[in-house]
Every structure is written in C-alpha cells, then in structure tokens.
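Notes follow once the structure below has been shown.
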Amino acid sequence: MHKYLIVVVGPTGIGKTKVSIEIAKHYKTEIISADSRQIFKELKIGTATPSDEELREVKHHNIASYSIHDYYSSWEFEQDALQLSAELFKTHNQIVLTGGSMMYIDAICKGIDEIPTIDPELRDNLMKLYNEEGIESIRRQLKQLDPDFYMQVDLQNHKRVIHAVEVCLMTGKPYSSLRTNTVKKRPFNIIRVGLELDRDEIYNRINLRVDQMVEMGLIEEAKQFYPSKDLNSLNTVGYKELFAHFDGEYDLDKAIELIKRNTRRYAKRQMTWFKKDTETQWFRPDEITNIISHIDSLMLNCDS
RNA sequence: GGUACCAUAGCUCAGUAGGUAGAGCAAUGGACUGAAAAUCCAUGUGUCCCUGGUUCGAUCCCAGGUGGUACCA
C-alpha cells in the first residue's frame, strides 16, 4: 500500500478548511496545515484559523505552534512538515495537507534548496544600506558577488536582491550556485486537489468574511499586537491595515476596505500560482463526493 | 404637470473651440527557491443614454424621447 499526501489548495476564503476536514474524516486521518500565518498561536481571528470545533473534529498540525516572535520560514516548514508526515505515515496511508501559503506547499511537495539561515545582523545591515542608499548599492554588490543571478533576478524587487546578496555573503559562494533547480524525492505520492469558484463568488466570500472578522473582534486582536507591529509575522493582511489606522493614517472604514482589497489581491496571486501546476485537478468546494472519488481513482491507479 | 440641471470605463468624475476620449479608485495579467497573507512587474477594459437633424465628419451643436436629481406647482 502506497502513502499519499493529499494536497488541498485554493485561494483564501474559498473553504479549504471545510473540504479538508471532510477528506480527512473520510480517510480517518489528520491534517497538516500549510499556512504561514495560522502557524502563529497569537493570530486567530485575522488569519481565519479553524474554529475550536473544527479543530476537535479532525486533528490539525502546524496550527498555533509558534509565537509571532519566533523566526519561521518555508525552510522550517519543510522540516516540520516532513518530520510530521513521516510520523503520521506510520499509522496512516493518507494525510491531508491544506493551506494557502504557496511557497510552503512547494516546500513540502518539491523541496527547497539548502541555504543557511541568514544572520539577522547581516540582514539588518543590508536593510539599512537599502534604506539609506537605495537599491542601487545592493545591486552593485550582487553584480560583483553573483553576476549570473544578477542577470536573472528581478532587479526592482529589493527583497530578492537583498536575499541573494546576504546568501552570497553568508556562504562565500554565489547564490546561483546553491540553486539546484531540482525537485526533491519524497517517500510518498502527492495528489493535488484545487478549489475554485467564479471570481465574483470568491470576492463576495472574502468581503463577507472580513466583516465577520471585524464582528468577532479583529480590531481588538490587532490592538493587542500593535506594540509589535514591525514583526514580520505581523506584516499580514488584516493587521497591517489596522496598524496604519491606529497610526492615524486613515479611518476605520478605510482600513476595513483595504483589508478586503488586499485579501482579494492575495487570493488573485494564489490563483496565479496554483493554476501553474498542471497536475492539480480543480473542483468547486461543494463537490466533496467528486473530490473523494477522484482521489480514490488516483490511488487505485497507483496501487495496481 | 412646469422649469432647471445631469446622463462618458465597474465607481466617482474630467474632457473634446466638432476629427470616436482620460484621471483617481476598483479591476485584470504575470513573476516568485529560506521574510511569501511578503515583495515586485505590466495593463485602460468604453454603443461617450436612445432616435433623428445640421455637417465631409457628432460623444460634443439642434430637436424629440428615456432615465435621474433639484426646485416650483
């Protein structure tokens, strides 16, 4: 009997939680979340973390397991998720992986290259340089340290340029030499299920969900973390707009409008990313039966 | 019922001394290998309300309609 990782992807707000619970219940298994913000225990309302009831229905992993003050990235996620899946596959043939964090999904399905974690001081220094002198000085460094990558990177994107430079400085090697461009072998099969709806429907759901978050106390939740607003973990839709509102940049209605807009844009980016994968089979979130039979037929094919 | 004003992009509006049009917001397409709910790039989508008239040519001028708003009855 083979092992299967059932990966459920789709834009934010489309109903991944519900569908993945149904799938997990059907196969009597557990869920690994691939969500870069639900992983923080402090963030509940603004990240639409599954409710206590939902968490009781099916065991979820990688939800509320770190603090917003911890350093966490897709590398840590790859490690965590692989270890977890190995553990779960001892007693299950299927595991459900669900989440909207595109790079986290890739980290477990394809793997990411081994690169050392960047010394925070080094990153701060480069960031300072960027803020003081602009992107040009960072670009110059990259051109010298890794001319190959300089040619392919988006030179307007300071995060990419800075990251390449910090990797070069950290390892003493060109960043491009560490990029293997390979997909890592995994000890399990991957079945990809995508959830989709008409754009209008997704956007309506998002707008509605934001209003519900506000009713549930999103503003109070954000207020609580205002002192830590510069943390990367809080550079998050739903919080950053409220922080700006607390700073007096605009009124509350405007903040809520921006949360809706930025969530919509996030959903669009997710769709662009997920649509690229040609192996994903797409369903409406209410087609549970079809989804299960699709998974069953893929497994049957593989096992025979 | 009368008078006035308005009707242009999804929304709010600008504009054309007559040569089929442009801002803001919203939106759309895309990139993505350790910050990824992050970060970055590109893009104007239009029966200029309808029907006639004048004109080489009308979104613009004229007439009539339709819809809206305000005021007067």
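First the proteins, then the strands, lettered A, B, ... as listed; each starts at 1.
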Looking at the rings of A/His158 and A/Tyr130, which for Trp means the six-membered one, are their centres under 6.0 Å apart? yes
Spacing between A/Phe40 atom CZ and B/A36 atom C1', to the nearest angstrom: 11 Å
Do the charged groups of A/Arg139 and A/Glu136 touch, with an N to O distance under 4.0 Å? yes
Under a 3.5 Å threshold, yes or no: a donor from one side chain and an acceptor from the other, between A/Asn290 and A/Ser293? no
Please classify the nucleic acid contact of A/Tyr203 as base, sugar-phosphate, or nothing, using heavy-atom distances under 4.0 Å. sugar-phosphate
Name the pairing partner of B/G22, where a pair is Watson-Crick or G-U wobble with both distances under 3.5 Å, or state none. B/C13
Should B/U59 form a Watson-Crick or G-U wobble pair with both distances under 3.5 Å, which nucleotide is its partner? none
Check every strand shown and say whether A/Ser101 touches a base, only sugar-phosphate, or nothing at a heavy-atom separation below 4.0 Å. sugar-phosphate
Give the rounded distance in Å between these two atoms: CZ of A/Phe274 and C1' of B/C32. 13 Å
Between A/Ile68 and A/Leu43, is any pair of side-chain heavy atoms under 4.5 Å apart? yes
What does A/Ser233 touch in the nucleic acid at a heavy-atom separation under 4.0 angstrom: a base, only the sugar-phosphate, or nothing? nothing
Let me know, please, whether A/Tyr130 or A/Asn181 comes out on the 5' side of the other along RNA chain B by nearest nucleotide. A/Asn181
Give the intermediate values and the outcome of salt bridge (charged side-chain N to carboxylate O under 4.0 Å, His left out) for residues A/Lys44 and A/Glu221. CA-CA 8 Å; A/Lys44 283 202 175 353; A/Glu221 186 174 77; over 6 Å; no
Please tell me which of the listed nucleotides, B/G34, B/U28, B/A35, lies nearest to the side chain of A/Lys268? B/U28
Anything under 30° is parallel, anything over 60° is perpendicular, the rest tilted; go ahead and classify A/Phe89 against A/Phe188. tilted
Rounded distance in Å between the P positions of B/A21 and B/A9: 14 Å
For B/G65 versus B/A73, give the span between their C1' atoms, rounded off to a whole number of Å. 24 Å
Transitive ILVMFWY side-chain link A/Tyr226 to A/Tyr239, under 4.5 Å: yes
Atom CG of A/Asp198 and atom C1' of B/U28: how far apart are they, to the nearest Å? 16 Å
Regarding the side chain of A/Asp154, the nearest nucleotide among B/A35, B/U33, B/C40 is B/C40
Salt-bridged, A/Glu166 to A/Arg123, with N to O below 4.0 Å? yes
Looking at B/G34, I'd like to know if its phosphate oxygens (OP1 or OP2) sit under 4.0 Å from a side-chain N or O belonging to A/Arg179. no
Going by the side chain to side chain donor-acceptor pair (under 3.5 Å) test, name the single residue among A/Lys59, A/His61, A/His60 that passes it with A/Glu30. A/His61
Describe the nucleic acid contact of A/Arg264 in one word from base, sugar-phosphate, nothing, applying a heavy-atom distance below 4.0 Å. sugar-phosphate
Please tell me which of A/His158 and A/Lys276 maps to the more 5' nucleotide of RNA chain B, matching each residue to the nucleotide holding its nearest heavy atom. A/Lys276
In whole Å, what is the span from the CG atom of A/Leu155 to the C1' atom of B/C32? 14 Å
Considering only the P atoms, how many Å lie between B/U8 and B/U51, rounded to the nearest integer? 16 Å
Rounded to whole angstrom units, what separation is found between the CG atom of A/Asn232 and the P atom of B/A35? 8 Å
When the C1' atoms of B/G64 and B/A17 are considered, how many whole Å apart are they? 27 Å
Across the strands shown, which category fits A/Tyr175 at heavy-atom distances under 4.0 angstrom: base, sugar-phosphate, nothing? sugar-phosphate
What's the gap between B/C60 and B/C72 when it is taken at their P atoms, as a whole Å value? 32 Å
Expressed in whole Å, how much space separates the P atoms belonging to B/G10 and B/U47? 7 Å
Complement of B/A27, any strand, by Watson-Crick or G-U distances under 3.5 angstrom: B/U43
Separation of B/A35 C1' from A/Tyr104 OH (nearest whole Å): 9 Å
I want to check one thing: is the phosphate of B/U33, taken as OP1 and OP2, less than 4.0 Å away from some side-chain N or O of A/Arg160? yes
Would you indicate what A/Arg123 reaches in the nucleic acid, counting non-hydrogen atoms under 4.0 angstrom: base, sugar-phosphate, or nothing? base
Select base, sugar-phosphate, or nothing to describe what A/Glu114 touches, counting heavy atoms under 4.0 Å on all strands. base
What does A/Tyr239 touch in the nucleic acid at a heavy-atom separation under 4.0 angstrom: a base, only the sugar-phosphate, or nothing? nothing
Can you identify which nucleotide, out of B/G34, B/A27, B/A31, has its nearest atom closest to the A/Thr272 side chain? B/A31
Check every atom of B/C40, B/A36, B/A26 against the side chain of A/Asn157 and return the nucleotide holding the closest atom. B/C40
Measure the distance from CD1 on A/Ile138 to C1' on B/C40 and round it to the nearest whole Å. 16 Å
Please work out if A/Gly238 contacts a base, only the sugar-phosphate, or nothing of the nucleic acid, heavy-atom cut-off 4.0 Å. nothing
Span that lies between the P atom of B/C50 and that of B/U39, in whole angstrom: 44 Å
Provide the Watson-Crick or G-U wobble partner of B/G67, both distances under 3.5 Å; none if there is no partner. B/C6
Heavy atoms from C-beta onward define the side chain here; which of B/A35, B/U28, B/A26 lies closest to that of A/Arg261? B/A26
Applying a 4.0 Å non-hydrogen cut-off, can you work out what A/Asp113 is touching in the nucleic acid: base, sugar-phosphate, or nothing? base
Reckon A/Asp35 touches a base, only the sugar-phosphate, or nothing at all at heavy-atom distances under 4.0 Å? base
Applying a 4.0 Å non-hydrogen cut-off, can you work out what A/Phe77 is touching in the nucleic acid: base, sugar-phosphate, or nothing? nothing
Identify which nucleotide among B/U39, B/A26, B/G34 has an atom closest to any side-chain atom of A/Lys240, counting heavy atoms from C-beta outward. B/U39
A/His163 side chain N/O closer than 4.0 Å to the phosphate oxygens (OP1, OP2) of B/U33? no
Provide the distance between the two C1' atoms, one in B/G67 and one in B/G44, to the nearest whole Å. 27 Å
In whole angstroms, the gap separating P of B/A35 from CG of A/Asn131 amounts to 17 Å
For B/A36, the nucleotide meeting Watson-Crick or G-U wobble distances (both under 3.5 Å) is none
